[in-house]
Structures are given as structure tokens and as C-alpha cells.
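One structure is given below, encoded as C-alpha cells.
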Protein chains: 2
Amino acid sequence: MTPRRSFVRAGGEARRAALIEATLDLIAEGGPEAATVRAIALRAGVTPGLIRHYFQTKEDLVAAAHEALMTSLTETSAAALEGLPDDPLARLRGFVAASVSPPVTDPRAVSLWSAAMQMVARDAGMRAVHRATYLAFRDRLEALIAEALGALGREGEDAQSLAIAGNALLDGLWIEAGLLPDHFHPDDLKSIAIKSFEGLLQIRFARDQDAIR
Amino acid sequence: MTPRRSFVRAGGEARRAALIEATLDLIAEGGPEAATVRAIALRAGVTPGLIRHYFQTKEDLVAAAHEALMTSLTETSAAALEGLPDDPLARLRGFVAASVSPPVTDPRAVSLWSAAMQMVARDAGMRAVHRATYLAFRDRLEALIAEALGALGREGEDAQSLAIAGNALLDGLWIEAGLLPDHFHPDDLKSIAIKSFEGLLQIRFARDQDAIR
DNA sequence: GTCTGAATTATACGCTTGCATAATTACGCA
DNA sequence: TGCGTAATTATGCAAGCGTATAATTCAGAC
């Protein structure tokens, strides 16, 4: 008679968080098909049946994990704005640079994002989350662009179209760098992004701001 | 005694192609997990066991399907260059416009691409195929850019960095349009792409070329 | 015509998956 | 100190997965 394995109770939120983190880890490492109920439970140090106690179905768990990931990315992005200077151009420059530098450019993040994109194409709920987070990022970029142009006395220009283009550029660089990490030197990526924004917006950033992270 | 179902022999290549097409359809519609051996066989009008006769393993079939997709995309992209005029700037403009217009911007293509990207992140073979096709596209863009700059007497500039940025921009627009089809009007997408290239390269395309598809 | 080999179907096996359910354990509270 | 309840484990099941293998059928060669 092997005795029943001992355990400690972790309380609701902590267990939920652990299960979500385990799910994200597994998806990042081995794709959605690696995130089986048994694998998730094993990584979370728990027994498979417990998942059913916190999530009605596995899909619920995956959806919760996706939401947690997106929230975390949004918060990271928001935090990046905190340390930036007041000068509108410098703020925009810092934001662009941060968007193509670690920890944003993280293979794990790109892997998770591409896994989520597949679901976005098929699931209406996922598409709603994606649209919201996409627009949140783009709106923030648009605001920064509008401020920068305003500081140059160019209020009338179409900041939204510029934000769409800038967002696409950052997305493209982010994805390509994540997929082919060896092909892009971090510094090159940053200088390409900044130079491209100078071209897109017809502006010129100050040259001596590389100290700003 | 139900008699054994009758069949006609399709010969090697036709059956291979049919199986590959069925695989791509299923992945596009329901993601990789929908492309089971049984579903593929059903859609191809065939019995599951036959797959093993043409492909040693299911992974082989999926890899063959990915290669067929990429080859097809590359050939479509190459064909778009055929009908373009000789003027370097007009050629570049037409190529950019084609890259963000149907049939390139096709939800099915984006769905398939995002499914493949997941495998790229994990499988070395897939990564090799991706690198090759990515560079093939980028090199073509770089050549077009170099010609356009050359026609303006600006030979010395860094066409490769500009191609990286331009490629990222096109990729980003392509992906976002594919994921949120209702958010982008095709004409807006095209004008944003063209205007962005004017900014990136500091050039100005002729205004009266919208007739060129 | 019939023979023969390849193309195709049919069947079955072992494994993994998600999920349901019952038995047990830890912990707060009286 | 004992009890009650929520948290957790243990076990089992039905379905679907990829694959192996044997039986059958077609189509062309002689």
C-alpha cells in the first residue's frame, strides 16, 4: 500500500496563477500541443484532476492564460513609458527603442504570440482580446506621435495612419527578430527602427540619447 | 458482407498533391490539430492508410505541405513583378502595392503562415525553410530599392537596412490586415504602405499610377 | 486473357488525451 | 479538540490519435 501523496493547500489565487504560468511555459516551449492536462499539472507540482477544480474545462484554462499573458505584456509596455524623459521626441524615441529591445524581444514572447495568433484567426473571443490589445498599443503610439509632431508645430498631420505604419514596422521587426534571432544584432535592430521612424515621420531625433534604455 | 469500396488509381503525383492540398485546407480552417490523418484522408477522398503509402510519417506530409505552400507564395510574388513597367520607381511602387493587396492578403495565407511560424520556432528544418524564403523575398525587395535609388543618383545608401525595414513594414501590415480584416480598408492599406515607403526611402512616387494593379 | 505488382482499403493495436467520479487529506473554526 | 468543508489525490473510462500490417482491387504488360 503506497500511501497517498502528501500535499499543502495553496489557496485559490496562488494555485490558479501557478497553473496559468505552467500552461504558458509549456506552450512557449513546445507549442499548444505540449500543454496537456497532465503536463501542466506535473509542472505545477499538482495532480491532473485538480485543474478541473479551478477551471471547468481545459479551454477555460488556456483562455485565462492568454488573458494573463496579454495583460502582462500591456503592463510591461506601460512600465516602459515611466522612465522616459519629458521631451516628446525623446519619449517617442525611447518607446520605439524599447519595443525592439529585450525584454520585449524575447523568443518566448514571440512563440506565445504566434500560438495565440492561430486561435485569433478562428475564435471570436480571442479576436476580441487581440483587437483590444492591438488598439491599446497603437493608440499609445499614436499619442506619442501626435505629441512629437505637435512639439514641431505639425499638428494637422494624420497621426493615425502614421501609427498604423509604425506599429506594423515594430511588429514586423519584433517577429522577424524573434524567429531568426541570429540574423539580427540588437543594436542594428534598434538603429533600423529609429531611423525608420525618422523617415516615416520626417523628423530627426537627437543623436546622443543612446544612454536612455 | 458490405463489399470493399471501389476506387480508381490516381498515380503518384496527383495523389501526393491532393493529400498536400487537403492538409493545407484543414490547417487553414482549423489549425494544425485539425489536420489528423483521418480528416486529411477523408477530405482527399481516400482511406487513412494510403497516406502511409506516400509519406513515411505524418510529419513528412506536413513538411511537404509547408514547402509546397512557401514555393507557391514565392511564385505568386514573383509573378506580380512580371506585368510591371520598366521604370524603377514604378516597379517598386507596384511591388509594394501588390504585397498588401489580394491575393497576397488572404486570411487563409495568414492563418497558414502563423501555423508554420510556431513550428519554425521549434523545428530546425522548418527554420531553414523560413530563413530561405524570408531572405528570398527581402533580397528581391532590396534589389528593387537599390534600382530605385540608383535611378535617383543615390547609389551609396544602405539598401539592405532599408529592405529590412520595408520588409518588416509589409509583414506587419500583412499580418494585421489578415488578423483583423474588418479593420483595414484595402485602399487605406495600400496608400499607407506606399506613403510609408516614400518616407522610409525619402522618395516620391508619381501620383497617377493607381491604375497599375 | 491472364498474370503481376503497385495502389488502395480494411482492420486492429497501443498510446495519449480530456474528463468524470470517488476517496482522502489538510486546515479554519467552534 | 474535534468537526466540516474545501482542496487535493487516485482511479478509470471513452474517444481519438498515429501507425503497422494484411487483404483486396485495379491497370497495364505480355
Side-chain angles (χ1 to χ4, degrees), chain A residues 1-27 29-66 115 118-119 122-123, chain B residues 1-27 29-66 115 118-119 122-123:
Chain A
M1 284 294 124
T2 54
R4 177 176 271 240
R5 105 186 219 186
S6 75
F7 59 93
V8 291
R9 315 183 102 122
E13 276 319 300
R15 271 284 134 82
R16 280 182 69 93
L19 289 171
I20 285 175
E21 193 181 355
T23 304
L24 289 177
D25 282 350
L26 286 167
I27 292 179
E29 288 170 13
E33 74 272 18
T36 70
V37 174
R38 286 165 176 83
I40 294 169
L42 180 66
R43 175 166 300 223
V46 140
T47 277
L50 188 61
I51 290 179
R52 280 274 299 171
H53 189 258
Y54 286 102
F55 302 91
Q56 278 214 304
T57 171
K58 189 199 164 189
E59 265 193 31
D60 287 358
L61 169 55
V62 172
H66 177 61
Q118 280 194 251
M119 311 185 211
R122 271 176 294 283
D123 186 296
Chain B
M1 281 296 125
T2 55
R4 177 177 274 239
R5 103 185 221 186
S6 74
F7 60 91
V8 290
R9 314 190 143 200
E13 276 318 301
R15 270 284 134 81
R16 280 181 70 93
L19 289 170
I20 285 175
E21 193 182 354
T23 304
L24 290 177
D25 282 350
L26 285 166
I27 293 179
E29 288 170 13
E33 73 272 20
T36 70
V37 174
R38 287 164 177 81
I40 294 168
L42 180 67
R43 176 167 296 226
V46 139
T47 279
L50 186 62
I51 290 178
R52 281 277 297 169
H53 189 261
Y54 287 101
F55 302 92
Q56 280 215 302
T57 173
K58 189 200 164 189
E59 265 194 30
D60 287 358
L61 168 55
V62 172
H66 177 61
Q118 278 193 254
M119 312 185 210
R122 271 175 290 284
D123 185 296

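Letters go in sequence order (proteins before strands), and every chain restarts at 1. Here the structure is a predicted model, which means the values were calculated and not measured.
Residue A/H53 has its side chain nearest to D/dT8 when only D/dT8, C/dT8, D/dT19 are considered. Here the side chain of B/V37 is nearest to one of D/dG18, D/dA7, C/dA10, namely D/dG18.
Residue contacts for B/R38: at a heavy-atom cut-off of 4.0 Å it reaches a base atom on one of the strands shown. Among the heavy atoms of the strands lying under 4.0 Å from A/Y54 are primed sugar atoms or P, OP1, OP2 only; no base atom is included.
When each of B/P48 and A/G49 is assigned the nucleotide of DNA chain C with its nearest heavy atom, B/P48 is the one assigned upstream, toward the 5' end. Where B/K58 and A/G45 meet DNA chain D, the nucleotide closest to each residue was compared, and A/G45 sits on the side nearer the 5' end.
The nearest whole Å value for the distance from the CG atom in A/L50 to the P atom in C/dG18 is 16 Å. If you measure from atom CZ of A/R52 to atom P of C/dA23, you get 18 Å, rounded to the nearest angstrom. In this structure, A/L42 atom CG and D/dA10 atom C1' are separated by 16 Å, rounded to whole Å. When the P atom of C/dT9 is taken as reference, atom CG of B/L19 falls 10 Å away, rounded to whole Å. Between the CZ atom of A/F55 and the P atom of C/dA20 there is a distance of 16 Å, rounded to whole Å. Across the protein-nucleic acid pair, A/I51 atom CD1 and C/dC19 atom P stand 9 Å apart, rounded to whole Å. As a whole-Å value, the separation of B/Q56 CD from D/dT21 P is 13 Å. Residue A/I40 contributes atom CD1, which lies 14 Å from atom C1' of C/dC19 at whole-angstrom precision.
Remark: A/E59 CD is loosely packed, at most 12 non-hydrogen atoms of other residues, nucleotides or ligands lying under 6.0 Å away.
Without hydrogens or angle criteria, B/T57 side chain to B/D60 main chain gives no donor-acceptor distance under 3.5 Å. A/R38 contributes no side-chain N or O that, together with a main-chain N or O of A/L42, makes up a donor-acceptor pair within less than 3.5 Å.
Here the straight-line distance linking atom CD1 of B/I40 with atom CG of B/L61 works out to 5.0 Å at 0.5 Å rounding.
Dashed line: the shortest gap from a side-chain N or O of B/R5 to OP1 or OP2 of C/dT9 is under 4.0 Å. Contact annotation: A/T57 reaches the phosphate of C/dC19 (side-chain N/O to OP1 or OP2, under 4.0 Å). Between A/T36 and C/dT17, a side-chain N or O to OP1/OP2 separation shorter than 4.0 Å is present.
Salt-bridge check for A/R16 with A/E21: failed, with every basic side-chain N at 4.0 Å or more from each acidic carboxylate O.
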